[in-house]
There are 2 protein chains.
Amino acid sequence: MTEDKTRGATIFDVARLAGVSHQTVSRVLNNLPNVRPATRQRVEQAIAQLRYVPSQAARALVTRRSRMLGLIVMGAPGQAPASTALHFNEAARDARYAVIQASMARADPAEVRAAAELLVQQSVEAVVVIAQQRAALDALAGLELGVPLVAIASEDRGIAARVGSDQFGGARAAVEHLIALGHTRVRHVAGPPDSMDAAERLRGWFQTIADRGLPASEPIIGDWSPASGHAAAAVIAADPQASAVFVANDLMALGLMHGLRERGIAVPGDVSVVGFDDLAETAYFDPPLTTVRQDFAVLGRNALTTALAVLGDEEAVVPTPAPTVLVERESTAARVGSPVE
Amino acid sequence: MTEDKTRGATIFDVARLAGVSHQTVSRVLNNLPNVRPATRQRVEQAIAQLRYVPSQAARALVTRRSRMLGLIVMGAPGQAPASTALHFNEAARDARYAVIQASMARADPAEVRAAAELLVQQSVEAVVVIAQQRAALDALAGLELGVPLVAIASEDRGIAARVGSDQFGGARAAVEHLIALGHTRVRHVAGPPDSMDAAERLRGWFQTIADRGLPASEPIIGDWSPASGHAAAAVIAADPQASAVFVANDLMALGLMHGLRERGIAVPGDVSVVGFDDLAETAYFDPPLTTVRQDFAVLGRNALTTALAVLGDEEAVVPTPAPTVLVERESTAARVGSPVE
DNA sequence: GAGTCGTGACCAGGGATGATG
DNA sequence: GCATCATCCCTGGTCACGACT
């Protein structure tokens, strides 16, 4: 009955029970040498018996290492950020780091600031941010929060350490696939202008078209939502030359195909469509969607590796962007009358 | 040049600059009375000037309150858990609590244990778990980790504090909607047996059918994936009596509709389909899916409220389950030859 | 003198007590 | 006699040093 229910055991309790000094317990905890095996075992038994858990807070106080990382995630809980966060989280736990996550639906500067302050107050060793919107990153970059900052983003807005996914290459692969099928007028439904990923995908589309000497066309601006893809269908329908569309994400592609179907335009018979993201359900769209898949596992792990490198003063080796790969399904086909096929 | 770049200022630095004792600074920080306005202002200015941020680690050490909550999220980063986690996170931040999030793709007992230990080591005040699988909850319940445990789940597996969503009511509403349309044989595509949510939805389906005196049928067991819904289409097609299906989630509903279409079965002409979750894209399925929406914002906030109540020793008032509501779209219609319509 | 172990200071704050005006 | 402030000790660990074998 000497047990106290609320307060856990301390290192001194363990020391007393094992008949050693608290310092010896500390040695055992940290796997330091110069402890007799018999002593070590006595200590370990006392630890188990008391269900002793060392206080990370106390340790952090003196070592100045909290073993905590801050993660700021902005935007609606879509597949991409959630998946990246998950893998970052798992990688961190493998490295025995805890992650304080600050999620927010909107990328409001005031909220970002509040979240960042909460993180540094909890003395995280570094802050990692998964950002889509340019302004969100800028809000953080101008904050000077006293700890290293790592961004998972497609542009480096004055933030030194950054990791990303190969958005550009993915877009390029998508457009090249369409061109290889004989399409000469490949239109683009882009994401919102403030999105860095959208910008990269648009750049990949434009560059590829330019490289092939094909005529450019005006991108159609969406907002990632199925509704905006649906609206884009009207523009495509009004452009009889357009036989292929590269859409900046799967959700808009879904809306677009829906809108085309309503207008009696067949996919891929009349118009080929390529998406981006490879959501779990895209294989069951009508038709199954050809799309670009990102490797969020690599992205998340890269972010952790970079954060650890920055902390360890090993000059942050910028990892190569996480790869993207085209997944061919049934929403693309050779252009009718094209020499291909 | 007295500034040190790595180490932040301490309470003593602030005290010295303001010409007071560290205790007075502490009073200002905690908004305690008995500080002259002039003194308070001097201190506040010193704080601003030194960019002083109080160390939460040091504070936690003496107050035994870390202002940190642990959140364990298991399962693939689907919409539901991610959305719940987001709202919990925002609610916690509003209450000035930080959230250490431990996400894991699989609900492996060993991983759960490791995550929980990491959390208590970081001295979180309570652990909240978002669990789908029964076994995952059990693994945690048998752990005795020394801090309060709150579960966001559909069954209480020996865990005192629990909040949930009204899965049962949602399923009920879905089936009643189908019955009102004249359907007499409503089949069910269920989630995996180890899922508590799946069990509740199945229970709602079964109960409603039984209450109406309609004949029961064997539920078709899926695994949440579009592929399993696709497979279920074969069973439905082989059952000419079945004119309606309540599917336990939207992804399986998508696969099911795809499979039905392949077999020349029209939705909703021949078979009506209702899903569950209301993913963003369901409105653009073909046809737009009638489904059940959960309120994750309420769910997340309820979880925080409960956690705070448990911490405050206010006996945990079990909040009413977060509501679910049927969203009618175009995948359901009156049964042909039914007196309704 | 090398391997074991213990002693005291210290990290950055909060709380009780007492001193000062 | 009350508002205001300073002086200790306390939290739970780590680290530098010294003292035994």
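Every chain is numbered from 1, with letters handed out A, B, ... down the list of sequences. As the structure is a computational prediction, the values presented were derived from the model and not from experiment.
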[X] has an atom [atom1]; how far is it from atom [atom2] of [N], in whole Å?
X: B/N34; N: D/dG1; atom1: CG; atom2: P; value: 18 Å
X: A/I11; N: C/dC10; atom1: CD1; atom2: P; value: 19 Å
X: A/R67; N: D/dT14; atom1: CZ; atom2: C1'; value: 15 Å

Inspect the contact between B/R134 and B/D194 and indicate whether a charged nitrogen and a carboxylate oxygen are less than 4.0 angstrom apart.
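Looking at B/R134 together with B/D194, the answer is no, because their closest N to O distance does not fall below 4.0 Å.
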Starting at the 5' end of DNA chain C and moving along, which residue's nearest nucleotide shows up first, B/V62 or A/A58?
A/A58
Check: A/S103 side chain, B/N89 main-chain N or O, donor-acceptor pair, under 3.5 Å:
no
For residues 69-98 of chain B, which residue pairs pass the salt bridge (charged side-chain N to carboxylate O under 4.0 Å, His left out) check, not counting sequence neighbours?
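Every salt bridge (charged side-chain N to carboxylate O under 4.0 Å, His left out) pair that includes a residue of residues 69-98 of chain B, provided the two are not neighbours, is A/E111-B/R93.
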Checking contacts here: which listed nucleotide (D/dT11, C/dG14, D/dG13) is nearest the side-chain heavy atoms of A/Y52?
D/dG13
Which nucleotide, D/dT14, C/dT4, D/dT11, lies nearest any side-chain atom of B/L61?
D/dT11
Angle between the two end axes of the helix from C/dA2-D/dT21 to C/dG21-D/dC2, five base pairs per end, rounded to 10 degrees?
50°
Indicate whether OP1 or OP2 belonging to [N] is found under 4.0 Å from a side-chain N or O atom of [X].
X: A/T39; N: C/dC5; value: yes
X: A/R64; N: D/dT14; value: no
X: A/R36; N: C/dC5; value: yes

Within the structure shown, what part of the strands sits under 4.0 Å from A/P33 by heavy-atom distance: base, sugar-phosphate, or nothing?
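Answer is nothing: A/P33 stays at 4.0 Å or more from every strand.
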Using a heavy-atom cut-off of under 4.0 Å over every strand shown, decide if A/V53 touches base, sugar-phosphate, or nothing.
sugar-phosphate
Stretch residues 20-30 of chain B: residues that reach within less than 4.0 Å of DNA chain C through a heavy atom:
B/H22, B/Q23, B/S26, B/N30
